[in-house]
Asker: 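Okay, here's the structure, questions in a sec.
Just so you know, residue 1 is the first one in the sequence shown, and it goes up from there. Nothing here was measured: the structure is a model prediction, and the numbers come from that model.
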Amino acid sequence: MLRRFFLCRSWRWHALIPQKGCVISFQFLRRRWAYRLSACRTGRKTMDGESHSKSRRSFLKSSGLVAGLTATAVTAPWVRRAGAADTIIWKIQTSWPAGVGLETFQSWCGAIKEKTGGQLEFQPFKAKDIVGDFELLDGVKNGVLEAMNSFSLYWAGKLPAAAFLSSYTMGLRYPHEWDIFFYSKGGLQAARDLYAKQGLYYVNRIHHGPNIIHSKTPIRSIEDFRDLKLRVPGGMIAETFAKAGAKTTLLPGGEVFSALEKGTIDAADYTGPGVNWALGFQQVTKYISMGPAGLMSVYQPVDLMDFAVNMNVWNQLPDNLKKFVEDEIQVYSNVHFGAIQKADMEAWQKFLDAGIEINRLGPEDLQKFQEIAVPIWFEWANKDKDAARIFKLQLEVMENPTVGYVTPDMYQGLSINL
(Lines give C-alpha, C1' and ligand atoms only; values in the text may rest on other atoms or scores of the structure.)
Protein backbone atom coordinates (compact mmCIF):
# COMPACT_ATOMS: atom_id res chain seq x y z
CA MET A 1 0.00 0.00 0.00
CA LEU A 2 2.83 2.39 0.83
CA ARG A 3 4.49 1.67 -2.49
CA ARG A 4 1.25 2.46 -4.29
CA PHE A 5 0.88 5.63 -2.19
CA PHE A 6 4.28 7.04 -3.12
CA LEU A 7 4.01 6.07 -6.78
CA CYS A 8 0.57 7.59 -7.16
CA ARG A 9 0.64 9.95 -10.19
CA SER A 10 -1.42 12.53 -8.33
CA TRP A 11 1.10 12.81 -5.50
CA ARG A 12 2.84 16.19 -5.06
CA TRP A 13 5.26 16.90 -2.23
CA HIS A 14 4.47 20.61 -2.29
CA ALA A 15 0.91 19.76 -1.34
CA LEU A 16 2.11 19.18 2.19
CA ILE A 17 3.95 22.50 2.45
CA PRO A 18 1.81 25.36 3.84
CA GLN A 19 1.70 28.76 2.17
CA LYS A 20 3.95 31.49 3.62
CA GLY A 21 2.46 32.98 6.78
CA CYS A 22 0.05 30.06 7.35
CA VAL A 23 -0.10 28.58 10.83
CA ILE A 24 -0.09 24.77 10.54
CA SER A 25 -0.68 22.17 13.20
CA PHE A 26 -0.07 18.46 13.61
CA GLN A 27 -3.80 17.87 13.18
CA PHE A 28 -3.70 19.68 9.83
CA LEU A 29 -0.79 17.55 8.59
CA ARG A 30 -2.44 14.34 9.74
CA ARG A 31 -5.64 15.21 7.90
CA ARG A 32 -3.74 16.27 4.77
CA TRP A 33 -1.83 12.95 4.69
CA ALA A 34 -5.06 11.04 5.25
CA TYR A 35 -6.72 12.86 2.37
CA ARG A 36 -3.86 12.18 -0.06
CA LEU A 37 -3.70 8.53 0.97
CA SER A 38 -7.45 8.20 0.42
CA ALA A 39 -7.15 9.79 -3.01
CA CYS A 40 -4.41 7.40 -4.08
CA ARG A 41 -6.39 4.38 -2.88
CA THR A 42 -9.42 5.37 -4.98
CA GLY A 43 -7.35 5.83 -8.12
CA ARG A 44 -6.77 8.62 -10.63
CA LYS A 45 -10.44 9.38 -11.16
CA THR A 46 -10.88 10.95 -7.77
CA MET A 47 -7.87 13.22 -8.36
CA ASP A 48 -8.99 14.70 -11.64
CA GLY A 49 -11.77 17.08 -12.68
CA GLU A 50 -15.07 17.36 -10.90
CA SER A 51 -14.71 14.19 -8.94
CA HIS A 52 -11.53 15.47 -7.29
CA SER A 53 -13.11 18.83 -6.50
CA LYS A 54 -16.13 17.25 -4.81
CA SER A 55 -13.93 14.82 -2.93
CA ARG A 56 -11.74 17.62 -1.61
CA ARG A 57 -14.71 19.76 -0.51
CA SER A 58 -16.27 16.78 1.20
CA PHE A 59 -13.05 15.98 3.04
CA LEU A 60 -12.50 19.55 4.21
CA LYS A 61 -16.06 19.86 5.40
CA SER A 62 -16.01 16.59 7.31
CA SER A 63 -12.61 17.28 8.86
CA GLY A 64 -13.63 20.69 10.24
CA LEU A 65 -10.64 22.30 8.53
CA VAL A 66 -12.69 25.14 6.99
CA ALA A 67 -14.10 26.10 10.37
CA GLY A 68 -10.63 26.03 11.90
CA LEU A 69 -9.15 28.30 9.26
CA THR A 70 -12.08 30.71 9.56
CA ALA A 71 -11.61 30.92 13.31
CA THR A 72 -7.92 31.66 12.79
CA ALA A 73 -8.75 34.58 10.48
CA VAL A 74 -11.22 36.04 12.99
CA THR A 75 -8.65 36.03 15.80
CA ALA A 76 -5.98 37.83 13.73
CA PRO A 77 -7.38 41.38 13.34
CA TRP A 78 -4.35 42.87 11.57
CA VAL A 79 -4.11 40.15 8.88
CA ARG A 80 -5.24 41.62 5.55
CA ARG A 81 -7.89 39.53 3.85
CA ALA A 82 -8.35 39.13 0.14
CA GLY A 83 -10.46 42.01 -1.13
CA ALA A 84 -9.69 44.22 1.89
CA ALA A 85 -9.80 47.98 1.35
CA ASP A 86 -6.69 49.80 0.15
CA THR A 87 -4.17 51.09 2.66
CA ILE A 88 -5.12 54.39 4.30
CA ILE A 89 -2.18 56.76 3.83
CA TRP A 90 -1.55 59.82 5.98
CA LYS A 91 0.99 62.51 5.14
CA ILE A 92 2.39 63.73 8.47
CA GLN A 93 4.82 66.61 8.92
CA THR A 94 6.86 67.08 12.09
CA SER A 95 8.47 70.24 13.43
CA TRP A 96 11.80 68.43 13.78
CA PRO A 97 14.30 69.68 11.16
CA ALA A 98 17.07 67.17 11.99
CA GLY A 99 18.72 65.12 14.72
CA VAL A 100 17.42 62.41 16.99
CA GLY A 101 13.92 63.93 17.09
CA LEU A 102 13.50 63.61 13.32
CA GLU A 103 15.16 60.19 13.19
CA THR A 104 12.86 58.84 15.90
CA PHE A 105 9.79 60.29 14.16
CA GLN A 106 10.75 58.77 10.81
CA SER A 107 11.50 55.37 12.32
CA TRP A 108 8.20 55.32 14.20
CA CYS A 109 6.20 56.30 11.11
CA GLY A 110 7.94 53.58 9.13
CA ALA A 111 6.66 50.89 11.51
CA ILE A 112 2.95 51.79 11.37
CA LYS A 113 2.08 49.92 8.16
CA GLU A 114 3.48 46.65 9.48
CA LYS A 115 1.85 47.14 12.87
CA THR A 116 -1.57 47.52 11.24
CA GLY A 117 -1.13 44.72 8.72
CA GLY A 118 -1.16 47.24 5.89
CA GLN A 119 -4.36 49.00 6.92
CA LEU A 120 -2.71 52.32 7.80
CA GLU A 121 0.49 53.98 6.62
CA PHE A 122 2.21 57.16 7.88
CA GLN A 123 4.35 59.04 5.37
CA PRO A 124 6.76 61.24 7.38
CA PHE A 125 7.94 64.70 6.36
CA LYS A 126 10.43 66.88 8.22
CA ALA A 127 10.01 70.55 9.08
CA LYS A 128 9.10 72.74 6.09
CA ASP A 129 8.96 69.82 3.61
CA ILE A 130 5.36 70.59 2.61
CA VAL A 131 4.32 73.71 4.55
CA GLY A 132 6.16 76.18 6.75
CA ASP A 133 6.57 75.25 10.39
CA PHE A 134 4.17 77.95 11.57
CA GLU A 135 1.66 77.00 8.84
CA LEU A 136 1.28 73.41 10.02
CA LEU A 137 -2.00 73.91 11.83
CA ASP A 138 -3.62 75.47 8.76
CA GLY A 139 -2.02 72.85 6.53
CA VAL A 140 -3.73 70.07 8.47
CA LYS A 141 -6.97 72.00 8.87
CA ASN A 142 -7.17 72.61 5.10
CA GLY A 143 -6.29 69.03 4.14
CA VAL A 144 -2.82 69.64 2.71
CA LEU A 145 -1.63 67.18 5.36
CA GLU A 146 -3.61 64.53 7.20
CA ALA A 147 -1.80 65.05 10.51
CA MET A 148 1.02 66.90 12.25
CA ASN A 149 3.57 66.35 15.02
CA SER A 150 4.41 69.82 16.24
CA PHE A 151 5.25 71.92 19.28
CA SER A 152 1.93 72.89 20.87
CA LEU A 153 3.23 76.33 21.89
CA TYR A 154 3.55 77.39 18.24
CA TRP A 155 -0.20 78.07 18.10
CA ALA A 156 -0.34 80.48 21.06
CA GLY A 157 -0.71 83.48 18.72
CA LYS A 158 -3.87 82.00 17.21
CA LEU A 159 -5.05 79.99 20.23
CA PRO A 160 -4.02 81.65 23.51
CA ALA A 161 -4.97 78.48 25.38
CA ALA A 162 -2.24 76.60 23.47
CA ALA A 163 0.27 78.52 25.59
CA PHE A 164 -0.93 76.34 28.47
CA LEU A 165 -0.52 73.06 26.58
CA SER A 166 3.26 73.15 26.90
CA SER A 167 5.43 74.39 29.74
CA TYR A 168 5.81 78.08 30.48
CA THR A 169 8.04 80.06 32.81
CA MET A 170 7.92 78.70 36.38
CA GLY A 171 4.81 76.62 35.66
CA LEU A 172 4.59 72.80 35.88
CA ARG A 173 8.20 71.65 35.82
CA TYR A 174 8.39 67.87 35.35
CA PRO A 175 6.75 65.41 32.91
CA HIS A 176 4.71 63.60 35.57
CA GLU A 177 3.15 66.90 36.67
CA TRP A 178 1.91 67.48 33.15
CA ASP A 179 0.47 63.99 33.11
CA ILE A 180 -1.44 64.83 36.30
CA PHE A 181 -2.99 67.73 34.39
CA PHE A 182 -3.75 65.69 31.25
CA TYR A 183 -5.04 62.49 32.83
CA SER A 184 -6.23 63.42 36.34
CA LYS A 185 -7.62 66.92 35.82
CA GLY A 186 -9.31 66.65 32.42
CA GLY A 187 -6.53 68.35 30.47
CA LEU A 188 -6.64 65.89 27.56
CA GLN A 189 -10.33 66.51 26.89
CA ALA A 190 -9.79 70.26 27.26
CA ALA A 191 -7.05 70.10 24.61
CA ARG A 192 -9.31 68.08 22.31
CA ASP A 193 -12.13 70.58 22.73
CA LEU A 194 -9.75 73.43 21.87
CA TYR A 195 -8.36 71.80 18.72
CA ALA A 196 -11.82 70.66 17.60
CA LYS A 197 -12.74 74.33 17.12
CA GLN A 198 -9.96 74.46 14.51
CA GLY A 199 -11.16 71.33 12.73
CA LEU A 200 -8.47 69.12 14.29
CA TYR A 201 -8.50 66.11 16.58
CA TYR A 202 -5.86 66.39 19.32
CA VAL A 203 -4.82 62.77 19.80
CA ASN A 204 -2.39 63.25 22.69
CA ARG A 205 0.64 65.02 24.07
CA ILE A 206 4.17 63.79 23.24
CA HIS A 207 6.94 64.21 25.79
CA HIS A 208 10.18 65.71 24.63
CA GLY A 209 12.30 67.40 27.29
CA PRO A 210 13.62 70.73 28.58
CA ASN A 211 15.01 73.54 26.41
CA ILE A 212 18.33 75.33 26.78
CA ILE A 213 19.76 78.63 25.51
CA HIS A 214 22.81 78.91 23.25
CA SER A 215 24.48 82.32 23.17
CA LYS A 216 27.48 84.24 21.89
CA THR A 217 27.98 85.93 25.26
CA PRO A 218 27.73 84.26 28.69
CA ILE A 219 24.38 84.23 30.51
CA ARG A 220 24.98 83.57 34.20
CA SER A 221 22.09 85.50 35.77
CA ILE A 222 18.76 87.05 34.83
CA GLU A 223 20.49 90.41 34.44
CA ASP A 224 22.47 89.06 31.47
CA PHE A 225 19.31 88.92 29.37
CA ARG A 226 19.10 92.71 29.26
CA ASP A 227 19.35 93.97 25.63
CA LEU A 228 20.07 90.42 24.40
CA LYS A 229 18.65 89.63 20.94
CA LEU A 230 16.99 86.35 21.82
CA ARG A 231 15.02 83.82 19.78
CA VAL A 232 12.13 82.30 21.75
CA PRO A 233 8.99 80.31 20.75
CA GLY A 234 6.55 83.12 21.57
CA GLY A 235 3.65 83.31 23.99
CA MET A 236 4.22 83.77 27.71
CA ILE A 237 7.89 82.79 27.34
CA ALA A 238 8.57 85.70 24.98
CA GLU A 239 6.80 88.13 27.30
CA THR A 240 8.74 86.87 30.33
CA PHE A 241 12.11 87.46 28.68
CA ALA A 242 10.95 90.81 27.32
CA LYS A 243 10.10 91.84 30.92
CA ALA A 244 13.62 90.72 31.87
CA GLY A 245 15.00 93.14 29.27
CA ALA A 246 15.65 90.89 26.27
CA LYS A 247 14.80 91.84 22.69
CA THR A 248 12.84 88.78 21.64
CA THR A 249 12.08 87.43 18.19
CA LEU A 250 10.06 84.45 16.98
CA LEU A 251 11.66 81.99 14.55
CA PRO A 252 10.98 78.38 13.50
CA GLY A 253 13.57 75.89 14.72
CA GLY A 254 14.94 75.33 11.23
CA GLU A 255 15.97 79.00 10.94
CA VAL A 256 17.81 79.33 14.26
CA PHE A 257 21.27 78.30 13.02
CA SER A 258 21.34 80.78 10.14
CA ALA A 259 20.08 83.60 12.38
CA LEU A 260 22.86 82.92 14.88
CA GLU A 261 25.43 82.62 12.11
CA LYS A 262 24.42 85.93 10.52
CA GLY A 263 24.25 87.74 13.87
CA THR A 264 20.54 88.48 13.49
CA ILE A 265 20.22 87.18 17.04
CA ASP A 266 22.72 86.90 19.90
CA ALA A 267 21.17 83.87 21.56
CA ALA A 268 18.49 81.27 20.97
CA ASP A 269 16.29 78.99 22.97
CA TYR A 270 15.81 75.65 21.26
CA THR A 271 15.22 72.11 22.54
CA GLY A 272 17.94 70.13 24.31
CA PRO A 273 21.63 69.42 23.72
CA GLY A 274 21.13 66.26 21.64
CA VAL A 275 19.17 67.92 18.84
CA ASN A 276 21.05 71.20 19.14
CA TRP A 277 24.39 69.46 18.64
CA ALA A 278 23.05 67.83 15.45
CA LEU A 279 21.92 71.28 14.27
CA GLY A 280 25.45 72.61 14.73
CA PHE A 281 24.81 75.31 17.33
CA GLN A 282 28.32 74.73 18.72
CA GLN A 283 29.66 76.19 15.48
CA VAL A 284 27.97 79.57 15.92
CA THR A 285 27.82 80.06 19.73
CA LYS A 286 30.24 79.76 22.65
CA TYR A 287 27.96 79.41 25.67
CA ILE A 288 25.02 77.40 27.02
CA SER A 289 22.73 78.69 29.78
CA MET A 290 20.47 76.51 31.95
CA GLY A 291 18.49 76.72 35.17
CA PRO A 292 19.86 75.80 38.62
CA ALA A 293 20.84 72.22 39.40
CA GLY A 294 17.75 70.00 39.27
CA LEU A 295 15.90 72.32 36.89
CA MET A 296 17.49 72.23 33.47
CA SER A 297 15.22 74.97 32.15
CA VAL A 298 13.46 77.75 34.04
CA TYR A 299 11.27 78.91 31.16
CA GLN A 300 10.42 75.65 29.33
CA PRO A 301 11.33 72.61 31.45
CA VAL A 302 8.82 70.29 29.70
CA ASP A 303 8.64 71.21 26.03
CA LEU A 304 5.61 69.25 24.89
CA MET A 305 4.78 68.28 21.33
CA ASP A 306 1.48 66.81 20.19
CA PHE A 307 -0.09 64.70 17.44
CA ALA A 308 -3.15 66.18 15.77
CA VAL A 309 -5.25 64.95 12.84
CA ASN A 310 -7.63 66.67 10.42
CA MET A 311 -11.06 66.10 11.98
CA ASN A 312 -12.69 64.81 8.77
CA VAL A 313 -9.81 62.40 8.27
CA TRP A 314 -10.12 61.22 11.86
CA ASN A 315 -13.88 60.73 11.63
CA GLN A 316 -13.47 58.55 8.52
CA LEU A 317 -11.03 56.24 10.29
CA PRO A 318 -12.49 52.88 11.40
CA ASP A 319 -12.99 52.57 15.16
CA ASN A 320 -10.32 49.87 15.51
CA LEU A 321 -7.74 52.15 13.87
CA LYS A 322 -8.79 55.13 16.00
CA LYS A 323 -8.08 53.05 19.08
CA PHE A 324 -4.79 51.92 17.58
CA VAL A 325 -3.65 55.49 16.85
CA GLU A 326 -4.59 56.73 20.32
CA ASP A 327 -2.68 53.87 21.97
CA GLU A 328 0.23 54.22 19.57
CA ILE A 329 0.80 57.91 20.36
CA GLN A 330 1.44 56.89 23.96
CA VAL A 331 3.97 54.36 22.68
CA TYR A 332 5.59 57.00 20.51
CA SER A 333 5.74 59.49 23.38
CA ASN A 334 7.66 56.99 25.49
CA VAL A 335 10.07 56.06 22.69
CA HIS A 336 10.54 59.70 21.70
CA PHE A 337 11.19 60.87 25.26
CA GLY A 338 13.70 58.07 25.90
CA ALA A 339 15.59 58.71 22.66
CA ILE A 340 15.80 62.45 23.35
CA GLN A 341 17.05 61.96 26.92
CA LYS A 342 19.70 59.48 25.81
CA ALA A 343 20.94 61.84 23.11
CA ASP A 344 20.93 64.78 25.55
CA MET A 345 23.07 62.98 28.12
CA GLU A 346 25.56 61.90 25.49
CA ALA A 347 25.79 65.39 23.95
CA TRP A 348 27.09 67.27 26.98
CA GLN A 349 30.62 65.93 26.66
CA LYS A 350 30.62 66.78 22.96
CA PHE A 351 29.87 70.42 23.76
CA LEU A 352 32.59 70.50 26.43
CA ASP A 353 35.10 68.95 24.03
CA ALA A 354 34.16 71.62 21.48
CA GLY A 355 35.08 74.32 24.02
CA ILE A 356 31.53 75.39 24.89
CA GLU A 357 31.13 76.95 28.35
CA ILE A 358 28.07 75.70 30.27
CA ASN A 359 26.53 78.05 32.85
CA ARG A 360 23.65 77.72 35.30
CA LEU A 361 21.41 80.41 36.72
CA GLY A 362 21.39 80.68 40.51
CA PRO A 363 18.51 79.92 42.91
CA GLU A 364 18.04 83.65 43.46
CA ASP A 365 17.14 84.01 39.76
CA LEU A 366 14.16 81.70 40.24
CA GLN A 367 12.47 84.15 42.56
CA LYS A 368 12.98 86.98 40.07
CA PHE A 369 11.55 84.93 37.23
CA GLN A 370 8.60 83.92 39.43
CA GLU A 371 7.75 87.55 40.18
CA ILE A 372 7.77 88.35 36.45
CA ALA A 373 5.93 85.20 35.37
CA VAL A 374 2.88 85.04 37.66
CA PRO A 375 1.12 88.21 36.40
CA ILE A 376 1.78 87.05 32.84
CA TRP A 377 0.06 83.71 33.61
CA PHE A 378 -3.12 85.52 34.53
CA GLU A 379 -2.96 87.92 31.60
CA TRP A 380 -2.83 84.98 29.19
CA ALA A 381 -5.46 83.03 31.08
CA ASN A 382 -7.85 85.93 30.60
CA LYS A 383 -7.31 86.24 26.85
CA ASP A 384 -10.27 83.91 26.26
CA LYS A 385 -12.49 81.39 28.04
CA ASP A 386 -10.58 78.36 26.76
CA ALA A 387 -7.32 79.69 28.18
CA ALA A 388 -9.04 80.49 31.48
CA ARG A 389 -10.48 76.99 31.85
CA ILE A 390 -7.19 75.25 31.05
CA PHE A 391 -5.09 77.47 33.30
CA LYS A 392 -7.51 77.01 36.19
CA LEU A 393 -6.94 73.25 36.00
CA GLN A 394 -3.18 73.77 36.08
CA LEU A 395 -3.32 76.30 38.90
CA GLU A 396 -5.20 73.72 40.97
CA VAL A 397 -2.39 71.24 40.32
CA MET A 398 0.34 73.76 41.21
CA GLU A 399 -1.44 74.75 44.43
CA ASN A 400 -2.06 71.18 45.52
CA PRO A 401 0.44 69.89 48.12
CA THR A 402 1.34 67.13 45.65
CA VAL A 403 3.17 69.81 43.65
CA GLY A 404 3.12 72.90 45.86
CA TYR A 405 4.67 75.54 43.59
CA VAL A 406 2.03 78.17 44.17
CA THR A 407 0.34 79.70 47.19
CA PRO A 408 -2.54 82.21 47.07
CA ASP A 409 -0.35 85.05 48.31
CA MET A 410 1.73 84.77 45.12
CA TYR A 411 -1.19 85.98 42.99
CA GLN A 412 -2.96 88.26 45.42
CA GLY A 413 -5.16 90.74 43.51
CA LEU A 414 -5.14 88.55 40.37
CA SER A 415 -8.07 86.42 39.22
CA ILE A 416 -9.26 84.17 36.40
CA ASN A 417 -12.28 85.36 34.42
CA LEU A 418 -14.11 82.15 33.64
Side-chain angles (χ1 to χ4, degrees), residues 95-104 126-127 151 167 169 173 208-233 237-238 240-241 244-303 305 336-366 368-369:
S95 287
W96 286 120
V100 64
L102 177 62
E103 293 163 8
T104 304
K126 67 178 183 296
F151 294 101
S167 63
T169 310
R173 302 171 196 182
H208 158 226
N211 287 10
I212 57 177
I213 293 175
H214 296 258
S215 61
K216 297 185 175 185
T217 57
I219 301 172
R220 302 187 180 104
S221 72
I222 191 172
E223 282 75 23
D224 292 327
F225 286 104
R226 188 167 300 281
D227 295 326
L228 192 74
K229 292 182 290 183
L230 175 67
R231 179 271 177 191
V232 285
I237 296 170
T240 299
F241 281 112
K247 299 175 180 177
T248 63
T249 187
L250 179 63
L251 291 172
E255 298 178 18
V256 172
F257 180 91
S258 60
L260 286 167
E261 185 179 37
K262 295 174 183 176
T264 306
I265 55 176
D266 304 316
D269 137 83
Y270 196 63
T271 67
V275 172
N276 294 355
W277 174 267
L279 290 173
F281 288 1
Q282 69 280 1
Q283 301 170 28
V284 290
T285 59
K286 296 181 179 180
Y287 304 92
I288 289 174
S289 179
M290 298 190 294
L295 188 61
M296 188 168 157
S297 176
V298 170
Y299 62 95
Q300 208 169 4
V302 185
D303 188 11
M305 303 182 81
H336 183 260
F337 182 74
I340 294 289
Q341 301 315 304
K342 182 177 186 293
D344 281 354
M345 290 188 290
E346 293 172 350
W348 289 118
Q349 191 59 47
K350 297 177 184 179
F351 279 111
L352 291 172
D353 292 344
I356 303 300
E357 181 180 307
I358 300 172
N359 297 297
R360 285 189 176 275
L361 300 175
E364 64 280 1
D365 293 309
L366 295 185
K368 295 175 182 177
F369 271 113

Asker: Knowing that exactly one of Ile358, Asp353, Ile356 qualifies, which makes a side-chain contact (heavy atoms from CB on, under 4.5 Å) with Trp348?
Answerer: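 With Trp348 as partner, side-chain contact (heavy atoms from CB on, under 4.5 Å) holds for just one option, Ile358.
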Asker: List the steps, then state whether side-chain contact (heavy atoms from CB on, under 4.5 Å) holds for Asp227 with Lys247.
Answerer: CA-CA 6 Å; Asp227 295 326; Lys247 299 175 180 177; 3.9 Å; yes
Asker: Taking the side chain as C-beta and beyond, is there a heavy-atom pair between Ser289 and Leu361 under 4.5 Å?
Answerer: yes
Asker: Is it true that Glu255 and Lys262 have a side-chain N and a carboxylate O under 4.0 angstrom from each other?
Answerer: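 Salt bridge: no.
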Asker: Are side-chain N/O atoms of Asp303 and Ser167 paired as donor and acceptor at under 3.5 Å?
Answerer: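 Result is no, nothing qualifies.
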Asker: Run the ring-centre check on His214 versus Phe351 and record whether the distance is less than 6.0 Å.
Answerer: yes
Asker: Is it the case that the side chains of Asp269 and Tyr299 hold a donor-acceptor pair, with the cut-off being a distance below 3.5 Å and no angle test?
Answerer: yes
Asker: Counting C-beta onward and ignoring hydrogens, is there a side-chain heavy-atom pair between Asp266 and Ser215 closer than 4.5 Å?
Answerer: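 Counting from C-beta outward, Asp266 and Ser215 never come under 4.5 Å.
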Asker: What pairs with Ala127 under side-chain contact (heavy atoms from CB on, under 4.5 Å), at least two apart in sequence or on another chain?
Answerer: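 In terms of side-chain contact (heavy atoms from CB on, under 4.5 Å), with neighbours along the sequence ignored, Ala127 is linked to Pro97, Asp133.
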Asker: Report, as yes or no, whether the 6.0 Å neighbourhood of atom NZ on Lys126 holds more than 12 heavy atoms from other residues, nucleotides or ligands.
Answerer: no
Asker: Nearest 0.5 angstrom please: Phe225 CZ to Leu230 CG, how far?
Answerer: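 The CZ atom of Phe225 sits 6.5 Å away from the CG atom of Leu230.
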Asker: When you check the side-chain N and O atoms of Trp96 and His208, is any donor under 3.5 Å from an acceptor?
Answerer: no
Asker: Using side-chain contact (heavy atoms from CB on, under 4.5 Å) as the criterion, list what pairs up with Ala259, not counting sequence neighbours.
Answerer: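 Partners of Ala259 under the side-chain contact (heavy atoms from CB on, under 4.5 Å) test: Leu251, Thr264, Ile265.
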Asker: Give a yes or no on whether a salt bridge exists between Lys368 and Glu223, defined as a side-chain N under 4.0 angstrom from a carboxylate O.
Answerer: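 Answer for the salt bridge query: yes.
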Asker: Nearest 0.5 angstrom please: Thr285 OG1 to Ile213 CD1, how far?
Answerer: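 Result: 11.5 Å between the selected atoms.
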